[in-house]
Amino acid sequence: MGKDKLRIRKIKSVKGKTPSVKTFKVYDPPSTGADPGQFVMVWVPGSGEIPLAISGADENIVDLTIKRRGSTTEDLHDLKVGDKLGIRGPYGNGFSIPERPSLLVAGGYGIAPLRYFHQKYADQVRIHVLAGASTGDELLYVDELEPSAVTTEDGSRGHEGTVLHPFKEIIRDEKIENIYASGPEKMINSVFEICREKGLHLEASLERIMKCGVGICGSCLIDGFRVCQDGPVVDLEQLEEFEEFGVWERSFSGRRQEI
Amino acid sequence: MGKDKLRIRKIKSVKGKTPSVKTFKVYDPPSTGADPGQFVMVWVPGSGEIPLAISGADENIVDLTIKRRGSTTEDLHDLKVGDKLGIRGPYGNGFSIPERPSLLVAGGYGIAPLRYFHQKYADQVRIHVLAGASTGDELLYVDELEPSAVTTEDGSRGHEGTVLHPFKEIIRDEKIENIYASGPEKMINSVFEICREKGLHLEASLERIMKCGVGICGSCLIDGFRVCQDGPVVDLEQLEEFEEFGVWERSFSGRRQEI
Amino acid sequence: MIVMVEDKSLEIELAGLQLANPLILASGIIGTTPGGLARVTREGAGGVTTKSLGPETREGHPAPNVVKVKAGYLNAMGLPNPGVEEFTRELGEVNLGATVFGSIFAHDSGEFRQVARVMQTKADALELNLSCPHAESLGAAIGARPTLVEEIVSAVVRDVDIPVFAKLTPNVSEITEIGKAAESAGADGVVAINTLPGMAIDVETKRPILGNSSGGLSGPAIHPVAVKSVYDLYEALTIPIIGVGGVESGEDLVEIMLAGANAVQIGTAIADRGMSVFQELNSYFSNYLESHQITIPELVGKAHDH
Amino acid sequence: MIVMVEDKSLEIELAGLQLANPLILASGIIGTTPGGLARVTREGAGGVTTKSLGPETREGHPAPNVVKVKAGYLNAMGLPNPGVEEFTRELGEVNLGATVFGSIFAHDSGEFRQVARVMQTKADALELNLSCPHAESLGAAIGARPTLVEEIVSAVVRDVDIPVFAKLTPNVSEITEIGKAAESAGADGVVAINTLPGMAIDVETKRPILGNSSGGLSGPAIHPVAVKSVYDLYEALTIPIIGVGGVESGEDLVEIMLAGANAVQIGTAIADRGMSVFQELNSYFSNYLESHQITIPELVGKAHDH
Ligand SMILES: Cc1cc2nc3c(=O)[nH]c(=O)nc-3n(C[C@H](O)[C@H](O)[C@H](O)COP(=O)(O)OP(=O)(O)OC[C@H]3O[C@@H](n4cnc5c(N)ncnc54)[C@H](O)[C@@H]3O)c2cc1C
Ligand SMILES: Cc1cc2nc3c(=O)[nH]c(=O)nc-3n(C[C@H](O)[C@H](O)[C@H](O)COP(=O)(O)OP(=O)(O)OC[C@H]3O[C@@H](n4cnc5c(N)ncnc54)[C@H](O)[C@@H]3O)c2cc1C
Ligand SMILES: Cc1cc2nc3c(=O)[nH]c(=O)nc-3n(C[C@H](O)[C@H](O)[C@H](O)COP(=O)(O)O)c2cc1C
Ligand SMILES: Cc1cc2nc3c(=O)[nH]c(=O)nc-3n(C[C@H](O)[C@H](O)[C@H](O)COP(=O)(O)O)c2cc1C
Ligand code: FES
Ligand code: FES
């Protein structure tokens with residue numbers, strides 16, 4: 001059974017990070033050995049089950065950084081210390097271990113797996129961070145990660161616009177060849193185009209609807225690629241081969257719809 | 001699954017030992033780690049499945065010493081080198097490891113597990129052997145085990161009668177306190193009575209019909225004792241507690257019948 | 001030495017019977033002889049079920065009778081039994097500390113009555129095996145037909161004074177239909193489930209392994225099927241349910257009780273976990289009740305609250 | 001890089017279809033999109049079955065949709081699918097190297113015909129899912145009734161020009177009755193088995209885990225049931241049988257073929273063994289045929305010789 005068996009865990013702490021994001025600390029030893037980029041499937045009893053990136057790990061405690069979006073994340077946000085969650089995983093692959101100066105490009109709650117990356121590798125290599133959000137108070141982990149630049153869509157903090165602007169600047173000014181990106185697919189797609197043009201190494205974490213997490217249900221496919229098992233981290237070469245990436249995603253029925 | 005899964009093996013060699021007994025050598029690593037006294041369940045495809053004591057082990061080869069008695073043992077005797085058998089186990093417990101001079105009391109093919117005992121422990125302690133059979137040419141492992149005495153029912157070799165006669169003599173003459181017995185239940189019962197009287201340590205290997213070998217079917221019960229799992233080796237104290245030992249055995253239907 | 005869990009919180013009442021705890025030995029497991037039943041009683045079971053007894057002596061199927069598969073065992077014992085007369089004679093000689101469920105099988109309602117009458121002289125309750133899937137023309141053929149089940153159960157119930165449980169086969173498309181037939185015929189409870197039909201073929205010799213070719217699947221493999229059967233029966237019936245199928249851990253036990261089982265039988269688990277499984281499950285269960293601050297009556301069927 | 005086992009001895013003919021090897025992706029596994037099917041083709045499957053497609057877009061059941069149990073998985077996907085029109089449109093855009101079995105489901109024979117007509121434009125064969133146990137009023141309700149099966153199969157067969165396979169549920173007391181109904185209605189083959197009904201309840205929160213409460217059991221747990229079903233169908237039918245259920249090793253594959261399967265579907269094994277399971281089973285199988293000096297036609301059903 002191993003990591004696939006559902007484990008019932010109590011929430012150790014809940015911290016509001018932004019108006020729409022909370023970080024939950026949960027006792028779950030199997031998750032704390034995960035590679036940054038891997039995710040867990042989280043069952044909210046009576047509500048649903050969703051994939052969530054591991055955003056940090058410490059002793060036997062794992063961090064989940066969760067944006068309130070729809071029914072399940074709302075129910076999650078209502079949970080208190082001591083309430084129970086089901087966890088299985090960790091699933092999927094992780095980012096490669098950085099060996100040179102690296103740049104993390106994060107959009108929205110996409111910063112979650114990159115925060116774990118930073119936590120794990122910041123003492124090994126120089127890590128630059130760019131973080132974007134819709135508004136200033138939605139920016140995540142700014143104090144901890146000290147981004148080189150932050151951006152907001154409404155201009156309430158940092159540059160107005162997306163992370164693409166500071167991204168172009170930083171790769172022009174600094175000697176950084178390794179890019180790790182996580183965020184909305186449109187953002188990843190733009191970062192990908194630029195990396196391809198400039199010949200930079202890119203790894204990105206993708207999202208799809210994940211109903212099983214173990215590679216059989218087919219809900220998370222991009223072409224024939226199972227994001228849950230073969231991903232969620234992909235590199236530039238893989239992105240080049242995908243036909244659906246950046247263009248199509250799948251609804252709950254499997255019907256394709258434009259991104 | 002481990003030892004319970006049926007393993008299909010080829011017969012490596014067949015040797016006629018007496019007119020009614022053959023020894024089969026079979027490649028089966030899991031059996032070779034068995035303790036003397038343990039047994040395996042042997043499937044003869046198209047014929048049946050029966051319990052057989054391990055009578056020797058060497059590298060990856062296990063010895064089975066089999067008396068032709070009814071349908072399955074007859075089919076077994078017809079098998080040739082290269083023919084296939086199914087083996088599962090080893091099952092049950094073994095004799096304790098001897099720490100002092102010991103005496104093996106064997107009747108008929110009951111010598112099988114004691115021969116393995118001898119093979120394994122003869123260089124550690126002094127082991128005396130008594131062997132009985134119906135006729136002289138049915139005596140087993142005489143050259144190898146060099147019994148202190150042999151007996152035959154027809155008097156064609158050694159003492160006429162059963163091993164009980166030399167048994168009484170040897171325990172009178174020699175300083176032996178540890179007895180290991182295997183053979184017909186009547187023989188074991190007599191040995192048991194004597195050991196109890198004289199205060200000797202006895203371990204005996206019992207037989208019952210064994211349909212499962214894993215302790216669930218109930219075909220091998222003596223009182224509430226499952227010979228396949230809790231035995232087949234029992235000590236004097238256990239024999240003292242049994243009500244059915246030496247009196248009742250069970251037919252295939254579970255009906256009790258006198259021994 | 002067996003250390004008994006003596007815990008009043010584990011006591012249950014089941015169709016008028018008092019059990020020291022909800023664990024019952026499943027039919028066909030060790031209970032071939034009264035001595036076997038006595039042993040399991042000493043190991044801590046609250047109740048014990050006999051091997052299924054029929055009108056006559058039966059030797060059962062040719063060996064192999066049991067084969068291990070990935071997630072359990074296949075067995076094709078073929079209902080070996082000494083006949084109900086002989087068995088009850090022996091049963092009269094021992095004094096068991098636990099509630100005895102006398103399991104019986106027969107070809108038709110007349111024969112069921114006959115066997116039941118004999119069995120009731122020595123058992124505290126009857127379990128009708130309507131479901132053994134591998135004895136040709138016995139068992140499953142009966143247990144899949146609601147009208148036959150109804151006929152047999154009413155015939156037996158009319159004739160005996162002890163509680164009567166109908167043991168159901170999962171090998172039907174709607175187990176609740178069979179359960180309802182048993183209930184309306186007056187059964188005091190149902191037992192679910194018996195084994196699933198299964199088979200193992202050896203790839204080297206290219207033949208079925210069991211002497212009877214096919215057999216009944218038990219153990220962890222069937223546990224989710226048992227839980228679902230009990231859950232569905234709990235919705236459909238008002239009489240008590242004894243859950244059985246692949247229960248080997250404390251979680252499995254609680255799970256099937258949450259589904260609706262008032263008591264739980266243990267079978268195949270004894271192969272892998274040994275006889276101590278009764279003690280271990282009872283002690284897990286006792287802790288569970290304590291730490292969840294819940295009683296057995298509150299626990300049974302609780303999964304239906306959601 | 002995928003190294004293909006190219007071995008002529010693995011080629012089979014199945015109801016007039018040519019397959020490079022007898023391994024077929026089971027319905028509902030990855031085959032939700034044409035891209036998924038193409039991937040499995042590249043991994044070495046001789047055939048691929050689509051997710052079951054219905055007349056309309058369906059989102060399926062609420063999550064959790066999948067839960068691991070001791071000997072396999074329970075799933076309650078709830079037949080999510082984009083609708084047969086949309087799916088075949090997409091399917092037309094790709095070129096798959098393997099034989100495509102288009103799986104379909106519907107409420108009644110009229111709707112089955114309708115979906116079949118659309119599916120046949122892009123598939124090499126049809127698989128009628130008569131057996132999904134967890135979509136209320138769909139599936140199992142149909143597959144347990146011989147008359148309904150007969151009606152649906154004849155309606156579809158009359159209407160389409162490609163081979164039609166009926167996928168059977170094991171959740172009946174006599175699977176051969178359903179198989180015979182399909183055969184006599186003109187099915188070109190049967191597929192056995194679909195999942196068994198099952199359930200998992202969490203003991204901490206005391207609730208069923210699946211969003212749909214119960215689901216279908218697949219994986220090693222059901223393998224002996226699949227083998228027995230195929231074995232029985234082989235005795236009862238003359239049309240080809242596709243075996244499915246818990247096949248994860250080369251032995252499992254050969255075993256179910258010995259029971260009588262002409263081809264074998266792989267489903268849940270992909271979770272634990274990964275996509276390489278197709279290559280690994282083919283290479284085991286190829287060695288097996290060689291070392292046992294036997295051809296596939298000789299092997300299929302050979303367990304019945306004894
Ligand atoms: C690999 C991966 C990592 C992720 N990491 C994070 C993270 O760290 N933090 C974060 O806030 N979000 C993360 N997400 C996104 C998160 O899973 C969705 O925001 C969440 O599922 C939305 O659920 P909802 O009920 O709140 O929203 P709704 O859109 O209302 O969803 C309703 C229902 O749909 C289902 N559902 C919705 N989205 C998904 C999905 N992607 N997969 C499966 N089921 C879904 C659930 O059953 C849910 O109950 C991640 C997604 C993926 C694929
Ligand atoms: C623990 C143990 C160790 C044994 N070790 C040896 C040994 O080393 N050498 C040896 O020659 N004999 C040994 N026996 C005895 C051996 O098992 C029987 O002689 C053998 O089963 C007889 O089978 P048969 O078909 O030849 O005889 P029959 O009496 O004709 O039996 C017919 C059928 O009955 C079944 N059967 C018979 N006896 C048993 C049994 N005890 N258990 C289960 N099924 C049975 C088989 O299915 C057999 O096919 C041992 C028995 C036990 C219990
Ligand atoms: C070896 C064996 C013998 C069995 N014999 C009987 C029997 O005689 N009558 C009966 O009703 N069930 C019999 N069963 C079925 C069990 O009582 C039980 O219903 C089934 O094994 C499922 O439970 P488990 O998984 O805990 O073993 C037998 C099962 C096994 C494994
Ligand atoms: C996640 C999942 C989804 C499935 N979806 C379908 C389906 O849409 N149609 C169908 O006929 N069978 C479906 N099945 C059943 C499989 O096709 C197969 O019959 C069953 O899983 C047994 O095979 P296995 O043990 O190899 O998985 C599904 C099974 C799983 C695990
Ligand atoms: S989530 Fe099911 S295959 Fe990826
Ligand atoms: S042989 Fe089955 S219990 Fe001993």
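Quantities reported herein were computed from a predicted structural model and do not represent experimental measurements. Order of the sequence lines fixes the chain letters, A, B, ..., with proteins taken first and strands second; residue numbering starts at 1 for each chain. Below, all heavy atoms of this structure are taken into account, side chains as well, without hydrogens, waters or symmetry copies.
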Handout entry: Check ion pair B:Arg250-C:Glu86 (N to O, under 4.0 angstrom)
Key = no
Handout entry: Sorted by number, residues from residues 269-278 of chain C in contact with chain B (heavy atoms, under 4.5 Å)
Key = C:Ile270, C:Ala271, C:Asp272, C:Met275
Practice task
Please round to the nearest 0.5 Å and tell me the distance separating atom OG1 of C:Thr57 and atom CZ of B:Phe252.
Solution key: 14.0 Å
Problem - C:Thr32 OG1 to B:Ile209 CD1 distance, which is reported to the nearest 0.5 Å - result: 11.5 Å
Practice task
Please report the closest heavy-atom contact between C:Thr205 and B:Trp43, naming both atoms and the distance.
Solution key: OG1-CH2, 3.5 Å
Completion exercise
Between C:Pro64 and B:Gly48 the two heavy atoms that sit nearest each other are CD-C, 4.2 Å
Handout entry: Minimum heavy-atom distance between C:Arg39 and B:Gly224, given as atom pair plus value
Key = NH1-O, 2.8 Å
Practice task
Against chain C, label B:Leu221 side chain, backbone, both or neither, depending on which of its atoms sit under 4.5 Å from a heavy atom there.
Solution key: side chain
Handout entry: Part of B:Arg88 within contact of chain C (heavy atom distance under 4.5 Å)
Key = side chain
Practice task
Flag the one option from B:Gly215, B:Cys217, B:Gly254 with the top tally of heavy-atom pairs under 4.5 Å to chain C.
Solution key: B:Cys217
Practice task
State, to 0.1 Å, how close B:Arg255 and C:Pro82 come at their nearest heavy-atom pair, and which atoms those are.
Solution key: NH2-O, 3.0 Å
Completion exercise
Turns out that what part of B:Lys211 lies under 4.5 Å from chain C's heavy atoms comes down to both
Exercise for the section: Return yes if a side-chain donor-acceptor contact under 3.5 Å exists between C:Arg58 and B:Ser253, otherwise no. Expected result: no
Exercise for the section: Counting only heavy atoms closer than 4.5 Å, note whether B:Ser47 contacts chain C via side chain, backbone, both or neither. Expected result: backbone
